[in-house]
Amino acid sequence: NINGKVWEDTRSGPPHEFVIGAEQSIKCLDQGIPQMSLGEVAFLRCTSDFAFAQWGISGKVPPNAKVNFEVQLLSIS
């Protein structure tokens, strides 16, 4: 969330899947997810340099924004 506003929620759709370390997701998730146990829920607070940096996401995340994620590790393959 940004300033308390949820801008994406995958609980009602397919989960976000990516390969750790393959630059398929932001650094915050790449570094936070491997520290989790299967089934664990975590709150990740990401500085802009570990999130979307100066680019942001058009219409969703402004440039240089800090973002928070509530994540659950559903599977490991």
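Note that the structure is a prediction, hence the values are computed from the model and not measured.
- Cluster annotation: Val71 and Ile20 are assigned to the same hydrophobic cluster (Ile/Leu/Val/Met/Phe/Trp/Tyr, side-chain heavy-atom contacts under 4.5 Å, transitive).
- The distance from atom CD1 of Ile33 to atom NE2 of His16, rounded to the nearest 0.5 Å, is 8.5 Å.
- Leu38 and Leu74 fall into different hydrophobic clusters, defined by Ile, Leu, Val, Met, Phe, Trp and Tyr side-chain heavy atoms under 4.5 Å apart, directly or through other members.
- The stretch residues 14-31 participates, sequence neighbours left out, in no salt bridge (Lys or Arg N to Asp or Glu O under 4.0 Å) pair at all.
- Here side chain to side chain donor-acceptor pair (under 3.5 Å) pairs that include residues 32-53, with residues two or more places apart or in two chains, are Thr47-Asp49.
- Summarising the geometry, atom CZ belonging to Phe69 is positioned 4.0 Å from atom CD1 belonging to Ile26; distances are rounded to the nearest 0.5 Å.
- If you chain together hydrophobic residues whose side chains sit under 4.5 Å apart, Ile76 and Phe18 fall into the same group.
- Hydrophobic clustering of Ile, Leu, Val, Met, Phe, Trp and Tyr side chains at less than 4.5 Å, counting indirect connections, keeps Phe50 apart from Val61.
- For residues 19-55, the pairs satisfying disulfide (SG to SG under 2.5 Å) are Cys28-Cys46, with sequence neighbours left out.
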